[in-house]
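Reminder, nothing fancy here: chain letters follow the sequence lines and each chain counts from 1. Remember, it's a predicted structure, so these values are computed and weren't measured experimentally.
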Amino acid sequence: MENIEQSRIRNFCIVAHIDHGKSTLADRIIEKTGLLTSREMQAQVLDNMELERERGITIKAQTVRTVYKAKDGEEYVLNLIDTPGHVDFNYEVSRSLAACDGAILVVDAAQGIEAQTLANVYLALDHDLEVFPVINKIDLPSAEPERVKNEIEDVIGIEAQDAPLISAKNGIGIDEVLEAVIQRIPAPGGSPDNPLQALIFDSLYDSYKGVIVFCRLMEGKVSKGTNIRMMATGATAEVVEVGYFGAGQFIPCSELSAGMVGYITASIKNVKDTAVGDTITDVDNPCKEPLPGYKKVNSMVYCGVYPADGAKYPDLRDALEKLQLNDASLRYEPETSIALGFGFRCGFLGLLHLEIIQERLEREYNLDLVTTAPGVIYKVHRMGGEVIELTNPSNLPDPSEIEFMEEPVVSAEIMVTTEFIGSIMELCQERRGKYLGMEYMEETRALLKYELPLNEIIYDFFDALKSRSRGYASFDYELKGYEQSELVKLDILVNKEEVDALSFIVHRDSAYERGRKMCEKLKEEIPRHLFEIPIQAAVGGKIIARETVKAMRKDVLAKCYGGDITRKKKLLEKQKEGKKRMRQIGNVEIPQKAFMSVLKLDDK
Amino acid sequence: MKEKEPSGELGIYLHIPFCVRKCLYCDFLSAPGSLQEMEHYVEALTREILEESVSYKSYTVKSVFLGGGTPSLLSGESVKRILQTVYDHYRMGADCEISMEVNPGTASPEKLDCWRKAGVNRLSIGLQSVWDEELKALGRIHTGEDFFRTYRHAIKSGFNNINIDLMFGIPGQTKESYAGTLKKVVSLEPPPTHISAYSLILEEGTPFYENRPILPDEETEREMNKITSEILSDQGYRQYEISNYARPGYACVHNQIYWTRGNYAGFGIGAASMVENVRFQNTSSLEAYLARYLKGEREKRVKGEGQILSRKEQMEEFMFLGLRMTKGVSTKEFQRLFDVSIEQMYPGVVEDFVRKGLLVRGTDPDTGEERIRLTAFGMDVSNMVMSEFIFL
């Protein structure tokens with residue numbers, strides 16, 4: 001199988017809105033192509049991280065090579081490159097797309113096109129991919145395949161009348177999809193005789209093999225012993241092994257050549273040497289130019305991550321280092337907080353990314369974490385022209401030294417049924433959104449376009465959107481740029497002491513409201529002490545809101561009856577347990593979850 | 001084989017799980033029962049007492065406590081039978097305290113006479129409040145007048161050691177009404193020897209917990225606690241435990257066994273025992289209990305698995321139970337028992353609470369040994385202090 005003709009290779013991916021059935025279709029394709037028997041199939045082969053399976057989403061791009069015997073009697077190699085579905089991971093989508101020649105667009109037969117469908121299709125078209133649609137979930141009672149076909153043609157402008165009607169869940173129409181892949185997606189171009197030119201679209205660290213580079217060969221060939229050079233980083237190495245992707249395993253082969261998707265291991269120690277988007281070439285026979293690569297990813301959301309137990313700081317550092325090997329989009333640097341001690345300021349692609357990293361740290365590395373409120377990167381223009389990129393609110397210079405500040409703004413597209421337009425517009429208004437326009441997709445659905453400050457959408461915008469549209473609205477955004485804004489730092493004082501880890505940057509107009517809510521929330525979270533504790537919110541030293549945690553007057557056990565000591569002891573144990581999850585700030589003990597409470601200010 | 005010499009003292013707790021009706025705040029193991037059920041239960045209980053006696057041959061009983069539920073629902077004859085079983089099969093100490101809980105309105109003069117003759121020498125009457133509206137709010141089955149009548153009859157039957165259970169923080173209660181209850185109780189003739197004053201706590205699984213009543217605010221509740229000690233110490237009572245007050249010489253022997261971690265055996269359903277640092281509890285299933293002792297189904301498990309207290313668990317208990325008593329704990333005794341000091345096991349903890357005014361170090365006037373005890377404020381927030389002596 002190794003010397004397959006280039007004309008019988010298909011490199012493709014599946015793009016879809018979340019929940020439209022992308023991973024299920026991928027599973028069926030793998031099943032159908034005979035790489036695995038049905039019995040060997042674990043549900044959703046491609047989502048192989050435990051966390052991914054639990055959340056039912058794809059985080060890391062996964063790749064699998066299968067063999068398909070088509071109706072024309074020929075065997076084809078299909079390289080299916082799975083892409084993440086969530087807006088946070090657009091960057092990963094983008095790099096996966098660059099390795100493909102075509103894409104299957106999966107659209108739910110009942111729900112039709114959603115905001116992410118559009119975003120992903122546009123991304124695919126940007127990469128010059130051949131895109132063809134399939135209509136999934138046709139066996140649902142609410143399926144309206146004809147309507148959805150028309151919608152695809154009207155909205156996206158790609159031909160959809162021949163789109164396979166399938167049910168990935170029940171295995172209906174999978175053959176049709178595979179035939180369409182063979183017929184509609186072009187075979188890869190390039191020539192094995194040209195100098196090596198391969199695009200790195202992912203990499204991961206394996207404790208046995210070292211860094212494993214995932215690449216798509218555009219030109220040339222590579223095999224064991226080839227001396228390769230990463231054109232951007234300049235790193236060189238000798239290839240130890242090349243191969244392709246089985247389901248969840250690496251299968252070595254003798255050579256990778258133009259058009260193929262596979263992996264390379266070499267004597268590469270550091271994942272940083274193999275930047276995603278970089279071009280690999282042959283040291284002895286280099287190509288003239290690197291591939292265009294793609295936009296470098298930027299962290300959008302930052303927060304402080306601290307070990308609950310200060311002694312675990314080195315463990316946290318090791319864990320972050322290891323995670324970064326597999327997730328180049330994770331940023332971190334050490335920082336110190338008066339309240340929380342030693343920790344890291346970490347950068348994420350979005351809030352979901354943040355949550356996933358946090359969960360992985362806690363689960364896979366068994367760490368107990370305290371995270372501070374997430375924020376974005378602000379640009380602070382100091383008097384005299386210097387510009388600081390501010391990721392930690394505590395580092396904000398004195399207001400007298402600031403000429404002005406800028407905050408990141410995104411262009412957002414929200415797709416919503418017409419009955420909820422009013423409430424969604426209201427929500428965007430509350431979040432300082434700038435209305436850009438509205439397009440009707442069909443009579444009952446519209447696409448709202450807004451410009452929104454990123455810091456207004458990173459916490460709970462998505463939840464608010466869902467709850468105000470009874471789950472029907474979908475949402476996608478991309479960073480637009482920076483805009484000048486009236487921003488202030490809101491400080492929280494607990495028992496008259498400023499708690500740096502609770503400070504955050506907020507628009508001047510929302511400062512009072514947020515401060516008040518924050519104080520209320522903290523009042524609920526902070527247990528009563530032997531003394532009264534004032535909780536205050538302040539802007540520039542001026543108190544704008546205050547709550548008080550009353551002093552504890554009574555904390556006694558009920559009648560201890562008939563010598564049943566065990567039950568009483570359990571109560572005391574519980575009390576002590578609760579205390580362990582506290583942070584001492586001055587003489588006040590603050591529960592760890594209070595530091596995240598700013599996230600949930602809008603909980604009703 | 002030579003019989004083992006008496007090796008120690010023992011308290012016996014006998015649980016009577018029947019009541020007329022559950023009070024709204026009650027989370028103890030009790031429920032209304034028919035006369036026949038009660039008879040069966042008494043029979044089973046006497047068999048358990050008898051069967052278990054072999055385990056306690058070497059102990060001297062210094063207290064017997066009939067608790068519930070409402071033990072005073074039992075007939076005079078039943079109580080007599082139960083106690084007689086104890087006398088016949090256990091070594092009774094000379095001044096053995098034999099207490100029984102009594103609910104006003106369930107004890108006739110005849111019953112009281114009979115109990116007294118059966119050897120009961122201490123009554124604990126659950127009054128809670130003298131005011132009928134407050135009693136009603138708690139779901140009690142009796143009135144204030146019922147209590148006064150029961151008390152008179154008890155005195156007439158020859159009881160001279162009587163505890164009155166009171167409660168503060170009752171829905172609708174005021175400082176004035178509570179002070180009224182206290183004053184009426186201490187001016188009884190002759191006055192009770194012992195008073196327990198408990199703070200009402202809403203416990204999970206009770207109607208009050210599900211359906212929270214409006215309670216006096218915390219500030220008021222704590223003042224009620226304060227006037228308890230003020231009024232009672234004025235009348236010659238001494239507080240010896242967080243909720244217990246006694247005239248000199250009348251502190252409850254049975255209660256103190258719990259706080260000082262003495263040995264005690266519990267009989268009847270749900271009853272807890274601690275013997276030589278092993279804690280265990282009987283089944284709370286009446287059905288299983290009756291099957292075992294009445295029908296002799298020996299495969300039915302009644303005695304729960306014993307928990308052997310580790311050294312650390314013993315330390316925890318020593319601290320949190322000992323601190324319930326106003327005399328507190330002896331640092332030397334801790335050292336003697338565990339061969340390590342409190343300071344070594346709990347570095348800085350005592351000092352920190354002393355600084356916060358919750359604990360105080362003092363000298364035992366009799367032995368000259370150092371003792372650590374809760375301050376008045378410390379008692380108000382005792383959980384906070386005690387939980388720090390738990391190891392996690």
Visitor: Could you tell me which of Glu577(A), Gln575(A), Lys550(A) has the largest number of non-hydrogen atom pairs under 4.5 Å with chain B?
Guide: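 Top count of heavy-atom pairs under 4.5 Å with chain B: Gln575(A).
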
Visitor: Of the backbone (N, CA, C, O) and the side chain (C-beta and beyond), which part of Phe377(B) lies under 4.5 Å from a heavy atom of chain A, both, or neither?
Guide: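 The side chain, not the backbone.
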
Visitor: Taking everything shown except Tyr209(B) itself, do over 12 heavy atoms lie less than 6.0 Å from its OH?
Guide: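 For Tyr209(B), atom OH is not crowded (no more than 12 foreign heavy atoms under 6.0 Å).
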
Visitor: How about Tyr313(A): does its OH atom have over 12 heavy atoms from other parts shown lying under 6.0 Å from it?
Guide: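 Count over threshold, so yes.
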
Visitor: Counting C-beta onward and ignoring hydrogens, is there a side-chain heavy-atom pair between Asp27(B) and Arg567(A) closer than 4.5 Å?
Guide: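 Asp27(B) vs Arg567(A): side chains touch.
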
Visitor: Mark yes when over 12 heavy atoms from residues, nucleotides or ligands other than Ile543(A) sit less than 6.0 Å from its CD1; otherwise mark no.
Guide: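 Result for CD1/Ile543(A): enclosed.
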
Visitor: So do the side chains of Leu530(A) and Met384(B) get within less than 4.5 Å of each other, counting heavy atoms only?
Guide: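 The answer is yes; the side chains approach within 4.5 Å.
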
Visitor: Between OG1 of Thr220(B) and CZ of Arg553(A), what distance do you get to the nearest 0.5 Å?
Guide: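 CZ of Arg553(A) is found 10.0 Å from OG1 of Thr220(B).
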
Visitor: Inspect the surroundings of NZ in Lys312(A) and state if more than 12 heavy atoms from other residues, nucleotides or ligands are less than 6.0 Å away.
Guide: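 No, NZ of Lys312(A) has 12 or fewer neighbouring heavy atoms, counting only those of other groups under 6.0 Å.
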
Visitor: Do the side chains of Leu571(A) and Asn383(B) get nearer than 4.5 Å, heavy atoms only?
Guide: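 A side-chain contact is absent here, since even the closest heavy-atom pair is not under 4.5 Å.
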
Visitor: Taking Glu313(B), Glu388(B), Gln281(B), Met379(B) one by one, which has the highest count of heavy-atom pairs under 4.5 Å against chain A?
Guide: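 Going by pairs under 4.5 Å, I would pick Glu388(B).
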
Visitor: A side-chain contact here means heavy atoms from C-beta on lying under 4.5 Å apart; do Arg222(B) and Val556(A) qualify?
Guide: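 Yes - at least one pair of side-chain heavy atoms lies under 4.5 Å apart.
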
Visitor: Could you grab the distance from atom NZ of Lys576(A) to atom CZ of Phe391(B), nearest 0.5 Å is fine?
Guide: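 Going from NZ on Lys576(A) over to CZ on Phe391(B), the span is 7.5 Å.
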
Visitor: Does any part of the side chain of Phe320(B), heavy atoms only, come nearer than 4.5 Å to the side chain of Ile565(A), both counted from C-beta?
Guide: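 Result yes, sub-4.5 Å side-chain heavy-atom pair found.
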
Visitor: Could you tell me whether Glu305(B) atom CD has more than 12 heavy atoms of other residues or ligands within 6.0 Å of it?
Guide: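 Counting other residues, nucleotides and ligands, CD of Glu305(B) stays at 12 neighbours or fewer.
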
Visitor: Salt bridge check: are Glu218(B) and Arg528(A) linked by an N-O gap of less than 4.0 Å?
Guide: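 The answer is yes: the pair qualifies as a salt bridge.
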
Visitor: Donor-acceptor pair, distance only, cut-off 3.5 Å: does the side chain of Asp380(B) make one with the backbone of Lys554(A)?
Guide: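 Not a single qualifying donor-acceptor pair exists.
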
Visitor: Is it the side chain or the backbone of Ser382(B) that comes within 4.5 Å of chain A heavy atoms, both, or neither?
Guide: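 For Ser382(B), the contact with chain A is made by backbone and side chain together.
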
Visitor: Counting only non-hydrogen atoms closer than 4.5 Å, does Leu358(B) touch chain A with its backbone (N, CA, C, O), its side chain (CB onward), both, or neither?
Guide: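 The answer is the side chain of Leu358(B).
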
Visitor: Go through the atoms of Lys574(A) and report whether side chain, backbone, both or neither lie under 4.5 Å from a heavy atom of chain B.
Guide: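 Neither; nothing under 4.5 Å.
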
Visitor: In terms of heavy-atom pairs under 4.5 Å, which option from Met386(B), Arg279(B), Glu317(B), Gln307(B) contacts chain A the most?
Guide: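 Greatest number of close heavy-atom pairs with chain A: Arg279(B).
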
Visitor: When rounded to the nearest 0.5 angstrom, what distance separates CG in Asp564(A) from CG in Leu29(B)?
Guide: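 It is 10.0 Å, given to the nearest 0.5 Å.
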
